[in-house]
Amino acid sequence: MRKKIIAGNWKMNNDISGSINLITELKKGLNEKTNATVIVCPPFTSLETAQTLLKDSTIKYGAQNMYYEESGAFTGEISPLMLKSLGCDYVIIGHSERRTIFNESDELINKKIKSAIKNNLIPIFCIGETLEEREKGITFDICERQVRNGLEGISETELDNLIIAYEPVWAIGTGKTATSQQAEEVHLFIRNLIEKMYSKSLAEKIIIQYGGSVKPENAKELLSQPNIDGALVGGACLKADSFLKIIEAAN
Ligand code: PEP
């Protein structure tokens, strides 16, 4: 049985006081008996706040991005060592906004995943097709290319904890959700691909989250699909009550 993992990607939202409020409300509202692992990914500037407020909490936290080098002349970048020193356990890598707005390539994403693993950070590795690609009928080809290139040169043991997030780009922040059948079909495809690339045992245990306009109204249906092991939530994680309802739906 794979444990459900619900992660909130705050994107570029919440200053320090907003972060204190949101984390405090989540802590207050979280049913400590929840079966799901809960992760918040605030902006870099609020990671120290997360570290302080989540010290004794079951809620985990991570970053939304990182650079693959450990230190040096990379103005404006943040290294995996810096994230570790702030107590992060997770890091989102390859989010579609990074791929499209910041031109991140599969090759760069692969370097970041390798560096995260080397530095004991669990990557939440995002993949997914655009609307145009879906309409052309190449969803599986795109996902396969992204998975193969993103995981190039990474061994099975190194993938012990890695999480894959399937996020159809056309469903991110648009209010359009993939139907549970559309999502399940791609999740199954990814799981079978992991089996082909690695092994049945890794395929059976790897966590594949769905992301793209997940909200309290559709979470239960999506999360009840056999190959959907959790959610990566954007917009709906910015309000404690809607994020908590999604966590509840994972039970
Ligand atoms: C995301 O940013 O990963 C995401 C899925 O956003 P939203 O839930 O707003 O579609």
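Numbering of ligands and ligand atoms starts at 1, following listing order. We count residues from 1, following the sequence as given.
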Peer 1: For atom 5 (C) of ligand 1, what is the closest protein heavy atom, and at what distance to 0.1 Å?
Peer 2: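 Answer, as residue, atom name and distance: Glu167 OE2, 3.1 Å.
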Peer 1: Can you tell me if Glu248 and Thr34 form a side-chain donor-acceptor pair at under 3.5 Å?
Peer 2: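 No, no side-chain donor-acceptor contact under 3.5 Å.
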Peer 1: Under 4.0 Å from a heavy atom of Asn9: which atoms of ligand 1 are those, numbered in the order shown and with their elements?
Peer 2: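 Listed by number with element, the hits are 1 (C), 2 (O), 3 (O).
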Peer 1: State if Ala236 counts as touching ligand 1 under the rule of any non-hydrogen atom under 4.0 Å.
Peer 2: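 Distance cut 4.0 Å: Ala236 fails for ligand 1.
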Peer 1: Please report which non-hydrogen protein atom sits nearest to atom 9 (O) of ligand 1, along with the residue it belongs to and the distance in Å to one decimal place.
Peer 2: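 It is Gly235 N, 2.8 Å.
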Peer 1: Is the shortest heavy-atom distance from the side chain of Gln181 to the side chain of Glu185 under 4.5 Å?
Peer 2: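 Side chain of Gln181 against side chain of Glu185, heavy atoms only: no contact under 4.5 Å found.
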Peer 1: Are any of the side-chain heavy atoms of Val147 and Glu144 separated by less than 4.5 Å?
Peer 2: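 A side-chain contact is absent here, since even the closest heavy-atom pair is not under 4.5 Å.
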Peer 1: Any salt bridge between Lys3 and Asp229, counting N to O under 4.0 Å?
Peer 2: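 Salt bridge absent between Lys3 and Asp229.
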Peer 1: Using side-chain heavy atoms (C-beta onward) and a distance below 4.5 Å, is Val40 in contact with Leu54?
Peer 2: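 Val40 reaches Leu54 side chain to side chain.
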Peer 1: Is Ala165 near ligand 1, meaning one of its heavy atoms is under 4.0 Å from it?
Peer 2: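 Contact check Ala165 vs ligand 1: negative.
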Peer 1: Taking atom NZ as the centre, does Lys27 end up with more than 12 heavy-atom neighbours from other residues, nucleotides or ligands that are less than 6.0 angstrom away?
Peer 2: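 Counting other residues, nucleotides and ligands, NZ of Lys27 exceeds 12 neighbours.
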Peer 1: For ligand 1, which atoms sit closer than 4.0 Å to a heavy atom of Ala171?
Peer 2: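 Near Ala171, meaning under 4.0 Å from one of its heavy atoms, ligand 1 has 10 (O).
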Peer 1: Pairs of nitrogen or oxygen atoms closer than 3.5 Å, one from Gly173 and one from ligand 1: do any exist?
Peer 2: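 There is such a contact, yes.
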Peer 1: Considering only heavy atoms of Gly212, which atoms of ligand 1 have at least one such atom less than 4.0 Å away?
Peer 2: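 Listed by number with element, the hits are 5 (C), 10 (O).
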Peer 1: Considering non-hydrogen atoms of the protein only, which is the closest contact for atom 8 (O) of ligand 1, and what is the distance?
Peer 2: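 Minimum-distance protein heavy atom for atom 8 (O) of ligand 1 reads Gly234 N, 2.8 Å.
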Peer 1: If you count the atoms of ligand 1 from 1 in the order shown, which ones are under 4.0 Å from a heavy atom of Ser213?
Peer 2: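 Matching atoms, with element in brackets: 7 (P), 8 (O), 10 (O).
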Peer 1: Considering non-hydrogen atoms of the protein only, which is the closest contact for atom 1 (C) of ligand 1, and what is the distance?
Peer 2: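 For atom 1 (C) of ligand 1, the nearest protein heavy atom is His95 NE2, 3.2 Å.
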Peer 1: Contact between ligand 1 and Lys215 is defined here as a heavy atom of the residue under 4.0 Å from a ligand atom; is it met?
Peer 2: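 No.
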Peer 1: Has ligand 1 got any nitrogen or oxygen that is less than 3.5 angstrom from a nitrogen or oxygen of Thr174?
Peer 2: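 In fact, backbone or side chain, Thr174 has no N or O that close.
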Peer 1: Where does the angle between the aromatic ring planes of Tyr166 and His187 fall among parallel (under 30°), tilted (30 to 60°) and perpendicular (over 60°)?
Peer 2: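 Geometry flag for His187 against Tyr166: perpendicular rings.
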Peer 1: Side chains of Ser79 and Glu70 only: does a donor on one sit below 3.5 Å from an acceptor on the other?
Peer 2: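 Not at all, the side chains of Ser79 and Glu70 share no donor-acceptor pair under 3.5 Å.
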Peer 1: Quick one: pull up CD1 in Ile101 and OG in Ser96 and give me the separation to the nearest 0.5 Å.
Peer 2: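 Nearest 0.5 Å value for the CD1-OG distance: 8.0 Å.
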